[in-house]
Number of protein chains: 2
Amino acid sequence: MPKPAPEPEVAPPRENAIASPLAESPAFLVRLAQLRAFDEFHRNFAELGVTPAGFSVFALIVANPGIRPGAIAEELRVKPSNVAVLVNGLVAAGLVRREADQAELRASLLHPTAAGSRAWREMDRTHRETDAQFAAGLTPAERSQFVTLLRKLLHR
Amino acid sequence: MPKPAPEPEVAPPRENAIASPLAESPAFLVRLAQLRAFDEFHRNFAELGVTPAGFSVFALIVANPGIRPGAIAEELRVKPSNVAVLVNGLVAAGLVRREADQAELRASLLHPTAAGSRAWREMDRTHRETDAQFAAGLTPAERSQFVTLLRKLLHR
DNA sequence: AGGGGATTATTATGCAGCTTAATAATCACT
DNA sequence: AGTGATTATTAAGCTGCATAATAATCCCCT
C-alpha cells in the first residue's frame, strides 16, 4: 500500500469538495453568521413568542422607559412604520403601554408594563444564553475581540 | 444643596442619549452588520441586476463548473427550492446553462455560459470593491482577524 | 393671530425572499 | 418488477420590510 496522499497546503478541496470563492468575503460570512444567529434565536425564543425585531424593540423600551418610537427606529435601523407594528404586538401581548407626552402631543412615550418588566427578566436570561451559544466556538477573549471589531466596523 | 448626583460608572449615556442594551450582543451586532452589507451590495450592484443570493449562487457555479443544485443549497444554507428559482433567473439572464448529467439523470449540472464568464469578471471586481467598502472601518490586519473569527464561529 | 411647512406617528398597501407542500423523474435495492 | 429514497423543480402561502397615504401636532413668520 502506497503512503497516503499528502494533503495540499492551502485551499485543499478533497476529491469532490467544492471551492468556496466567498469564504474570504467579510460581507458573505456576516450573512452566514446572521443566519445562524436567527436560528439560535428562534430555537431559544420559540416558547416566548417574540421575534428578533420585537425583542430588540422591547429591550430598548425596558432600558429606556419613556423612549419614543422615532428614537427606536433610528437606533435599530428600521423604518418608523415597522416600529409601530412591532409596538402594536408588544402592547397586544400586554408587555408595553403607550403614554401621551404632555409636552409633545404628537409623540407617544413607551413604557414596559409591570407584566412586561417581569417577562423581561426571563427574556434577558434567554438572550444571554442565545448569545453564548452563538459565540460558542470562540474563547472569551476572541468573543470580546469580535464584538470590538463589529462595533468599529459599524461606527462607519 | 447636596453634591450633584454622580454619573454612573458604566453605560454613561449623555443627557438624552439612549442606552443600548444590545450593544454588547454579538448576534445583534452581526444583524446590524448584515444590514449594512446588503446596503453596500445594493448600492454597488444596482446596475448589474443581481441580488445577493443570486450573486452567491453564480459565484459558486463559476468556481465549480458542473456543480449540482443540491450542493449549492447545502453550501449556502438555503433550501433547494430557492436554488432552483435563483438558477432560473441566471439562466434567463443568459449567464448559466443547465446540462444533463449522464450518470445521474435526476441531477442537472450547472455551467457558466461564455457570456456568464465574461460578466463574472465585472461582478467579481464589484464584489471586491463592495467588501472593501463594507470593511472600510477596519485596518487590513483587523479585517483579516475579523474574517478568521467569523470562520471559526461558523465552523461550529 | 393664523396659515404654511416640517415633524411625529400610525395605518395601508405592495413586494421580495423564504418555507413548506406538491409533483415529477430517476435511482438503488430486494 | 416494485417499493422506497433521492434529486430537482414548481406552486402556494407567509413574513418581514419598504414605500406611500393619512392624521395630528408643532414651529415659525408675517
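Chain identifiers are assigned alphabetically (A, B, ...) following the order of the sequence lines, protein sequences preceding nucleic acid strands; residue numbering begins at 1 within each chain.
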Residue that, paired with B:Glu129, satisfies side-chain hydrogen bond (donor to acceptor under 3.5 Å, both in side chains) out of B:His127, B:Gln133, B:Arg125: B:Arg125
By nearest atom, which of the nucleotides D:dA8, C:dA21, D:dA18 is closest to the B:Ser81 side chain? C:dA21
From CD of A:Gln102 over to P of D:dC26, roughly how many Å is that when rounded to an integer? 10 Å
Between the base of C:dT10 and the side chain of A:Ser108, is one N or O donor paired with an acceptor at under 3.5 angstrom? no
Side chains of A:Glu99 and A:Ser108, donor plus acceptor under 3.5 Å: no
Counting side-chain heavy atoms from C-beta on, which of D:dA18, D:dT25, C:dT19 comes nearest to A:Leu105? D:dT25
Please give, in whole Å, the distance from D:dT25 C1' to A:Arg68 CZ? 12 Å
Is there a side-chain polar atom (N or O) of B:Arg106 under 4.0 Å from OP1 or OP2 of C:dA28? no
From C:dA12, D:dC17, D:dT9, pick the nucleotide closest to the side chain of B:Pro69? D:dT9
Between the side chains of B:Arg43 and B:Asp39, is the shortest nitrogen-to-carboxylate-oxygen separation below 4.0 Å, so that they form an ion pair? no
Looking for any heavy atom pair under 4.0 Å, which part of the strands does A:Arg77 touch: base, sugar-phosphate only, or nothing? nothing
Should we say atom CZ of A:Arg128 is surrounded by more than 12 heavy atoms from elsewhere, each under 6.0 Å from it? no
Hey, are the side chains of B:Thr139 and B:Glu142 touching, using non-hydrogen atoms and a 4.5 Å cut-off? yes
In whole angstrom, give the distance that lies between atom CG of A:Leu35 and atom P of C:dT19. 9 Å
For A:Asn82 and A:Glu104, take the nucleotide of DNA chain C holding the closest heavy atom to each; which residue's nucleotide lies nearer the 5' end? A:Glu104
OP1 or OP2 of D:dA8 versus the side-chain N and O atoms of B:Arg98: is any pair under 4.0 Å? no
Closest to the side chain of A:Thr51, out of D:dG16, C:dT10, D:dC17, is D:dG16
Tell me: CG of B:Leu110 to P of D:dT9, nearest whole Å? 7 Å
Sorted by position of nearest nucleotide on DNA chain C, 5' first, the leading residue of B:His42 and A:Ala84 is A:Ala84
Closest of C:dT10, C:dC18, D:dT19 to the A:Pro80 side chain is C:dT10
